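Read through the structure below, which is laid out as structure tokens, and then see the notes.
For ligands, and for the atoms within them, numbers begin at 1 and follow the listed sequence. The model shown is predicted, which means the values in this text are computed figures rather than measured ones.
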Amino acid sequence: MNTPVKQHLIDPEICIRCYTCEMTCPIEAITHDDMNVVVDADKCNFCMDCIPVCPTGSIDEWRVVNTPYSLEEQFGWSELPPQEDLGEAETGMEALDEAMAALLAEAHAGAGGKAVAPKSAARPAINLYTLAQPAVAKVQGNYRLTDDPEHDVRHIILDMGGLPFPVLEGQSVGVVPPGEDENGKPHLPRLYSVSSPRDGERPNYNNISLTVKREPDGLCSNFLCDLEKGAELNLTGPFGATFLLPDDAEARLLLICTGTGSAPMRAFTMRRQRVVGGKSGGMLMFFGARNPESLPYFGPLKKVPENLLKQELVYSRLDGQAKEYVQDRMMAREEAVAEMLTDPATHIYICGLKGMEDGVEHALTNIAESIGQPWAILRDVMRSEGRYHVETY
Ligand code: NAP
């Protein structure tokens, strides 16, 4: 009889196909096909390097198996198989579990951890379109959002024509840049959060919008920012099953974002504006940018009523003023944030630069402690209840 082994797996329902784990794995144990990103049981040595870099926690799946799942089996999954009942065979795994638990605890020491969708969120469709069978979208509009000449951020509207492309607020799509990489292989899709609500950028049109910043040497961002009306492009996805809006009008949202990380926050705001208006539980947003000229959606945001969305716009590069980051403003609004932390209706969403995570964690730690709540415990409770969401990269 085979000895049971622990196998490292990736949840295909939650994975957003950003390929960060694959790029991080020091021994090339992680690979992908057109559908899924998977772990090779013959190669994985449980080093855990991939755990903290995963933006969704989909990497954090383990099964005890008699025969490890092959790559081919994993490529075919649309959801993870349940843990098999191995009966008595499972005994003997405890020592291994203890060692792994210690390694995992270390990997989770930061803000990482397994993401859970809000309980009331609608069920998202995922992975409907793949590298082998992408959706073809047509550019309906490409508008510059920022006045800062150094900071070109675009609002790009994509018409999905007659193609079913159901997407919920907070989900992402993959954009496949044309051409091939240096190895003659097609480029990997780059991930962008959808910035429009589920019923379309324009209500009841089959279109979506993306918020894209031109990066100096960015292959995909330059491709997208240069797209003209009528151009066609390939999309994969939709992806993401946890960073979703609660379908509960009473839920209170604490939104923390930088730069183009505002994309899902725009989708959340538009959804609430269309469906529940000012009668919702309310939203408080901390939004960081260099200056007003480089803050995406600065103009439209001014028209959003305060009873729907309270805005704390935070600037880091204003002439003659000290640098201010979202976490600094959160500290300055400590009482408002603390009050939200005490309310079980509060959901936290953090999106944007990876670098902001530590600062925001630090601010939340201080604010939670000021009301006698150890943040690490509160955060884990919120996460397990689907009320704490991070998407930074
Ligand atoms: P950016 O303009 O470079 O930065 C936005 C603001 O964040 C600036 O004020 C910047 O200040 C500040 N900042 C820098 N380091 C910080 C830190 N450690 N803590 C707090 N604030 C900090 O932002 P961006 O280029 O738009 O980047 C947004 C990020 O979001 C990208 O990494 C993108 O991949 C990610 N993202 C995008 C999407 C999407 O759909 N588009 C979705 C999810 C995530 P300085 O003056 O110091 O630079």
Check: Gln311 side chain, Leu301 main-chain N or O, donor-acceptor pair, under 3.5 Å: yes
Shell of residues surrounding ligand 1, defined by a 4.0 angstrom heavy-atom cut-off that is strict: His151, Tyr192, Ser193, Thr211, Lys213, Thr258, Gly259, Thr260, Gly261, Ala263, Gly288, Ala289, Arg290, Ser316, Arg317, Lys323, Tyr325, Gln327, Cys351, Gly352, Leu353, Gly355, Met356, Tyr393
Salt bridge (charged side-chain N to carboxylate O under 4.0 Å, His left out) evaluation trace for Glu13 with Arg123: CA-CA 11 Å; Glu13 284 192 283; Arg123 188 159 171 82; 2.9 Å; yes
Whichever hydrophobic residues join Val38 through chains of side-chain contacts under 4.5 Å: Leu71, Phe75
CA sep, side-chain torsions, deciding dist, call: Glu201, Arg266, salt bridge (charged side-chain N to carboxylate O under 4.0 Å, His left out): CA-CA 11 Å; Glu201 171 66 12; Arg266 177 183 186 266; 3.0 Å; yes
Shared hydrophobic cluster for Phe286 and Met356 (ILVMFWY, side-chain gaps under 4.5 Å): yes
Parallel, tilted or perpendicular: rings of Trp77 and Tyr69 (30°, 60°): perpendicular
